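Everything numeric here is computed off the predicted structure, so don't read it as measured data. Sequence lines set the chain letters: A, B, ... in the order given, protein chains first and strands last, and positions in each chain run from 1.
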There are 2 protein chains.
Amino acid sequence: MPVSPHIPTLDDVANAAGVSTATVSRCLNEKQKVSPKTLEKVMEAVESLGYIPNFNARAMAARQSHTIGAIIPTMENAIFARGLQAFQEALLDQGYNLLVSSSAYQPDLEAQQIRELVARGADGLLLIGYERDEAVYDYLARRGIPTLLAWASLPDTRHASVGFDNRAAMRCLADRVIGLGHRKIAVISGIIDGNDRAAERLSGVKDSWQAHGFHLDDLPIIQTPYEIENGAAAFVELMQADVKPTVIMCGNDVLAAGVISKARDIGINVPDDVSVTGFDDIELAKHVFPALTTVHVPHREMGRIAAENLIALIEKRAEKATHRLDVSIVMRASLKGL
Amino acid sequence: MPVSPHIPTLDDVANAAGVSTATVSRCLNEKQKVSPKTLEKVMEAVESLGYIPNFNARAMAARQSHTIGAIIPTMENAIFARGLQAFQEALLDQGYNLLVSSSAYQPDLEAQQIRELVARGADGLLLIGYERDEAVYDYLARRGIPTLLAWASLPDTRHASVGFDNRAAMRCLADRVIGLGHRKIAVISGIIDGNDRAAERLSGVKDSWQAHGFHLDDLPIIQTPYEIENGAAAFVELMQADVKPTVIMCGNDVLAAGVISKARDIGINVPDDVSVTGFDDIELAKHVFPALTTVHVPHREMGRIAAENLIALIEKRAEKATHRLDVSIVMRASLKGL
DNA sequence: TTGTAGGCGTTATCAA
DNA sequence: TTGATAACGCCTACAA
């Protein structure tokens, strides 16, 4: 009885089947290069031994891991869940596996996790947004790691990307809000430092605001991390101002959910007393009360396209490309006209 | 100018520093076995070359990966998010990395992912619950992979585990509900097949119901996957019955959130017309309206303990142990007496 | 304290 | 169609 369990290797299979390790390897990877008879023999041995290829050894010898790494800013809320899910499904279809980690919105943590994923032999990387230290892009280029930026929409094709125009979308929503008669808007934005999506969304509101002839001085803005509690706290602060806003535009649905929840707590009616808007159209948006007016993002489509384009890049079937998706505004009860 | 980028290896560092690869390796892994002078020399070379150890090679040579795999049933909702987060943090503290995948509540998918993680060289595994094919446990034992079951509470120590008593907790909650005067209870349970947590929670309600002298025939039960929409749908169905329930006890907070959301849609007041309870006390529970009465689970503590115990197991500093946590009932507005 | 050299489990090149 | 055999990049006795 062995003290340490024996784990079957290629050698064991080769012995059991009476062939060489090379042949076993072929049976596993390029069946067509092997006679049906030996294939059967080998597969039997594989089966009976319960052999499973050692991933690390394989990756090292083949110089590719069939693994793709993704780093998202957070797993706490559902912002990236659906998109990543679709990304993973599309990868699996093509025989790739996904490794995910979360950077907690910290650029240096992200940089570290990039190194980690590269060290693990990732064939390619999915990153969120485009704003990061140039050194990171240099590093990736030096190592020759195909990288695709999602949730990002770039003017040029310096990086491969798939995403949508956060700024235009938010501007469009703000136009709608103003069109409904609102003149006292307050904004609860995510932290824009190091977060291009948040920055662009905020710019979008400002664009609209100014295009309608108003001054930025009259646009209260609070920046706070994307957490439901923070949305609630920011809302309280905004409502203490001398001129109360008639609408709160939030940088995403999570903040908006916090606003709606808190409003009820303190006896403010949405949308009669104050309207609220979000961004992303996550699952939650339909289920808060009142349901949230927000910007619908085609998360699943984005994930699927990201997978296709990244794999094409890895297998050198395509050049870097920028893919821009359309978003739409979903009107729900949380926003009403004056 | 090299067509394919050159990635620095141990050899490169050794050459640059004028020492052997063994010495470089020591500098990276066992600094104390190296003179301060060479250490400095080597680290300089590491730095200037931008050397990063190849993970696969390291894992293969050292026969350990310092990686732990976790398989959770779903990432869609936040049930496991906080626990896993704490688990990861504790792992990192001890120099271990975490690899996560999701089984979508499908036992065969879980089995496949277990093999995948083992093939990747995971030093240990975290699984959710205890109910799975014996063959899986056999396989794990044969390969000698330390495994810890979380969200599970076992009577014996056949498997290492950390968790709480789902059945007792739910029974306790049901006792409270009945104590408040409710006699028409309906249950929306998760799918109990293959999900021991769901099964035990359901049993807990039944225990209480019968202990109070009622018949199971008078306890309407709907099983449905843990999704907010499903909670809503089940609720509609339950309210169409001849005898309308005065309280809906849900298998978890996600289902309960669906109930609360749908109730408002169709003009049923919670808790005046019908009370609602959940389980887990996820973030959402506080923010639905009315706030959800539920069972609070110490997710972070569970994650932390899971990490400690699993690492102890891996490093053979401890034997398999069963760790049972206390849970508590959180009374909020969604439940009121008759 | 340092270096030498064998081995970890695959894949891939070349002959046979 | 198969089989030797040399990588792949690192760790780790063992020797110096």
**Fill in**
Among the nucleotides D:dC10, C:dT10, D:dT2, whichever has the atom closest to the side chain of A:Y51 is C:dT10
**Request:** In sequence, state the C-alpha distance, the side-chain angles, and the governing distance for A:H299 and A:W151, and then conclude on side chain to side chain contact (heavy atoms under 4.5 Å, CB included).
**Result:** CA-CA 9 Å; A:H299 287 102; A:W151 270 262; 3.6 Å; yes
**Request:** Measure centre to centre between the rings of B:Y130 and B:H159, then say whether the value is under 6.0 Å.
**Result:** no
**Prompt:** Nearest-Å distance, CG (B:N15) to P (D:dG9)?
**Reply:** 14 Å
**Minimum heavy-atom distance B:A318-B:L313, with the two atoms named** = O-CD1, 3.6 Å
**Message:** Once you apply a heavy-atom cut-off of 4.0 Å, does B:L10 come out as touching a base, just sugar-phosphate, or nothing?
**Reply:** sugar-phosphate
**Message:** Minimum heavy-atom separation for B:N195 and B:Y105, please, with both atom names.
**Reply:** ND2-CE2, 3.4 Å
**Message:** Taking 4.0 Å as the cut-off, does a side-chain nitrogen or oxygen of A:S25 come that near to OP1 or OP2 on C:dT10?
**Reply:** no
**Message:** On DNA chain C, does the nearest nucleotide to A:N56 precede the nearest nucleotide to A:E30 from the 5' side, or the other way round? Give the residue.
**Reply:** A:N56
**Complete:** Result for 5'-nearest mapping on DNA chain D, choosing between B:R26 and B:T9, is B:T9
**Prompt:** Among the nucleotides C:dT2, D:dC10, C:dT11, which one has an atom lying closest to any side-chain atom of A:A62?
**Reply:** C:dT11
**Complete:** Checking C:dG9, D:dG3, C:dG3 against the side chain of B:T23 (C-beta onward), the nearest is C:dG3
**Request:** Output the single nucleotide from C:dG9, C:dG3, D:dC10 whose closest atom is nearest the side chain of B:V19.
**Result:** C:dG3
**Item:** Nearest-Å distance for atom pair CD/P, residues B:E40 and C:dT1
**Value:** 16 Å
**Request:** Could you tell me how the ring of A:H66 sits relative to the ring of A:Y96: parallel (under 30°), tilted (30 to 60°) or perpendicular (over 60°)?
**Result:** tilted
**Asked** From the list C:dT2, C:dG9, D:dT1, which nucleotide is the closest neighbour of the side chain of A:M60?
**Response** C:dG9
**Request:** Would you kindly give the CZ-to-C1' distance between A:R120 and D:dC10, to the nearest whole Å?
**Result:** 16 Å
**Item:** Any donor-acceptor N/O pair under 3.5 Å between D:dG9 base and A:R63 side chain
**Value:** no
**Item:** Spacing between B:L39 atom CG and C:dT1 atom P, to the nearest angstrom
**Value:** 12 Å
**Prompt:** Side chain of B:T21: nearest nucleotide among D:dC10, C:dA5, D:dG3?
**Reply:** C:dA5
**Request:** Looking only at side-chain atoms of A:N29, point me to the closest of C:dG3, D:dC11, C:dT11.
**Result:** C:dT11
**Prompt:** If only atom types and distance count, is the side chain of A:S101 paired as donor or acceptor with the main-chain N or O of A:I71 below 3.5 Å?
**Reply:** no
**Request:** Would you mind reading off the distance between A:D12 atom CG and C:dT10 atom P, rounded to a whole angstrom?
**Result:** 9 Å
**Prompt:** Starting at CD1 of A:I52 and ending at P of C:dG9, how long is that distance when rounded to a whole Å?
**Reply:** 14 Å
**Item:** Minimum-distance nucleotide to B:N54 side chain [options: D:dG9, C:dT2, D:dG3]
**Value:** D:dG9
**Item:** A:T38 side-chain proximity, nearest of C:dT10, D:dC11, D:dT2
**Value:** D:dT2
**Between C1' of D:dC8 and CZ of B:R58, the distance in whole Å** = 16 Å
**Message:** Can you measure B:K33 atom NZ to C:dG3 atom C1' for me and round it to whole angstrom units?
**Reply:** 14 Å
**Message:** Is there a side-chain contact between B:S20 and the phosphate of C:dT4, meaning an N or O under 4.0 Å from OP1 or OP2?
**Reply:** no
**Request:** Indicate whether OP1 or OP2 belonging to D:dT2 is found under 4.0 Å from a side-chain N or O atom of A:S35.
**Result:** yes
**Prompt:** Contact class for B:L28 (heavy atom, under 4.0 Å): base, sugar-phosphate, or nothing?
**Reply:** nothing
